[in-house]
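Below is one structure, written out as C-alpha cells; the observations come after it.
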There are 2 protein chains.
Amino acid sequence: MALARQRPGMTAAFAMDALCARILERHRDSIKVQKPHLAVPNLTRIIGATLTLSNKHGFHATTLRQLAEASGLSMGGLYTYFDSKPTLLAMILGEVAETVNEVLTAPPADVRQDARKHLHWFIATHVRMSEAMQPWFVFSFMEAKSFPPAERQRAIDMEVMTERIIADIIKQGVAGGVFSVDQVTLTASLIKPLLQDWYVKRAKYRRRGTSIEAYINAVGTFVDAALSAPSRSRTTAGSRSKSRPMAHP
Amino acid sequence: MALARQRPGMTAAFAMDALCARILERHRDSIKVQKPHLAVPNLTRIIGATLTLSNKHGFHATTLRQLAEASGLSMGGLYTYFDSKPTLLAMILGEVAETVNEVLTAPPADVRQDARKHLHWFIATHVRMSEAMQPWFVFSFMEAKSFPPAERQRAIDMEVMTERIIADIIKQGVAGGVFSVDQVTLTASLIKPLLQDWYVKRAKYRRRGTSIEAYINAVGTFVDAALSAPSRSRTTAGSRSKSRPMAHP
DNA sequence: AAAAAAAGAACGGGCGCTCGCTCAGAAAAT
DNA sequence: ATTTTCTGAGCGAGCGCCCGTTCTTTTTTT
C-alpha cells in the first residue's frame, strides 16, 4: 500500500485487481459470470487464495475445498470462474507470461542506445516487476515442472526470451566497446539467476533487511564488474578443473 | 558410466548405491529388511524411482502405486522400507544434507590459504557434486517448500551454511587484498544462485551443449571479475533507481 | 417475474496405508 | 543327511478418506 503511493504507475498495473481484470477479459468465454463488478472481486480472491496456498504447499496439494474456504465462495461457485483446475493454472501462467512479455520488451527510448544503461534498466525493471508480482513469479517458477505441455513450452520460451534480450544487450555493449565478454550466451544465462534470486528467496532477503534498491544496486555492480573486466587473468582453468577429485572424508 | 571411469573417487561416493547404503545405515531401525544384500538394491530402486517420478511430477503427485510399479516392489513391500511417505522424503533430504555438509566443509589443505583458489575450489566442487547428484539436488530444491518443519529448517540451515562459507572466503580475500567487495554478505548471496543454476536448469545447458568445465570456468571468470573490480565506478546508482517507473504500454 | 449467480450435497475414483497371507531358505531337530 | 520348524521378506486386495467435478436447489440481482 505504501509502495503503491510511491510508484503509482507501476504498482497499479501490477495490482491483483488489474491483473485479474485482464484474466477475466482473456477468459471471457470460459468464465460464466458476466458482470465485471461481481466477477473481478471474486476472481481476485480466488487467484489470491490460489497463489497463497500454492506457494505454501504446491498447486497440486492445494484442494478446491481449501480454495473455496479461503476465497469465500462455495465449491459450485468456484466452477463459475473456471471449468477445471488446470484451467485455473493456465489463467495465472498466461497472465504472467503476457505481462512479462509486455514490460521487458518495451525499454524507454533513451535507454536503448546505451548498452550499460539498457542492462541496468533491464535489471531494475525485472527485479521491481518480480517484487510487485512476487506470488505470481514464485508460482510460475515453482509449478513449471507440473505444467501441461502448452504452458510448459511457454515457460521455456519465456526463459529463452529473457535470456536473449540480455544476450542482445551484451552484444551491443561488446560491439560498442563498453563490455568485454567472450561467451555472450553463457554470460547472459548467468545473469538470469541473479534476477530470479530476488523472488525465489524473497524471505531470506526480507529477514536480512536487504532493500530492493540495495539488491538492484548489488546486481548492477556485480554484473558491471563482470562484463567490463579485462577477463584475461585466468589461464589456470584447465589445471584447476583436474586438480582434485572430491570424496567423502 | 563414462564419467564414473574418469573420476572414480568422486563419482563412486555419489553413486546411488553408496548413497542408499548410507541411508540404510542411518535408518536401520525404521527399515524392516535386515540383510543388506537384499535391502541395498531394493532401496536403491525405490529411491531412484522416487527421484525420477518426483522430479517429473512433484513428490506429492507421485503415488505409492506408481512407485511400487517403477521399483518392482508391491505396495506392501514398499512399507518394509519406510513407515510413511514423509519418511521417504526425509531419507532423501537427510542424505543430501549430510553429503553436502561433509564435502563442502572439507577443502584440501593447499587451498585454504589462498582465497581465490579456495573460492574456485568451492565453485568447482559444488558444481561437480550437484552434477553427480543432480536428481537429489533438484529434488531437495524443488520440494523444499512442502517439507515438514524439521526438514524445512534443515534446508534453510544448509542454504545459510553454504552462503556463510562463501562469505568467509570473500572476507579472507578482502583482508588479504585479493578481493575488493563492500557488501560481503549480499555478494555471497549472489554467488549461490550461479551454482544452483547448473542443476536447476540442467536441461537447458544440456540442450546447448555447455560442458561442465565450460560452466565452472564461466562462473569462475564471472565471479573473479566481480570481486576483483575497483567497484568505485558507479555513483549513479541512486538516480538510476528512480529514473523510470514501469508501466504497461 | 425472469435471469444470473452462488450454494452445497452427492458421486465416482484414486489416495495413503493396513493386514492376513505366502513362501523361500536358514536353523533346529532328528 | 534328512526332515521339520521357524522366520523374515514380500504380496495385493481392501479400508476409510478426500479428491475434482456435477447438478439440483436456493438466493440475489435486475
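Numbers restart at 1 for each chain; the letters A, B, ... are given by sequence-line order, proteins then strands. Note: hydrogens, waters and symmetry copies are ignored here, and every other heavy atom, side chains too, is used.
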Flag, side chain of K204(B) to backbone of V160(A), donor-acceptor distance under 3.5 Å: no
If we ignore hydrogens and angles and just use 3.5 Å, is the side chain of R152(A) paired with the main-chain N or O of K145(A) as donor and acceptor? yes
Could you go through the side chain to side chain contact (heavy atoms under 4.5 Å, CB included) check for M16(B) and R45(B) one step at a time? CA-CA 9 Å; M16(B) 287 293 296; R45(B) 292 207 314 282; over 6 Å; no
Check whether T162(A) reaches the backbone of E159(A) with its side chain - one donor and one acceptor, N or O, closer than 3.5 Å. yes
Protein proximity profile, nucleotides 15-20 of chain C - base contact B, sugar-phosphate-only contact S, no contact -, cut-off 4.0 Å on heavy atoms: BBBB--
Return all side-chain donor-acceptor pairs below 3.5 angstrom for residues 67-76 of chain A, not counting sequence neighbours, or 'none' if the list is empty.
unit_1, atom_1, unit_2, atom_2, d
S71(A), OG, L67(A), O, 2.7
S71(A), OG, A68(A), O, 3.4
S74(A), OG, G77(A), N, 3.0

Just how far, in rounded Å, is P of dA5(C) from CG of L78(A)? 16 Å
side-chain contact (heavy atoms from CB on, under 4.5 Å) test vs S130(A) passes for just one of Y199(A), W136(A), F141(A), namely Y199(A)
Note: contacts of residues 29-52 of chain A with DNA chain D (heavy atom, under 4.0 Å) are H37(A)
Check whether the side chains of Y205(A) and D197(A) place a donor and an acceptor atom closer than 3.5 Å, and report yes or no. yes
So CD1 of I123(B) and CH2 of W198(B): to nearest 0.5 Å the spacing works out to 14.0 Å
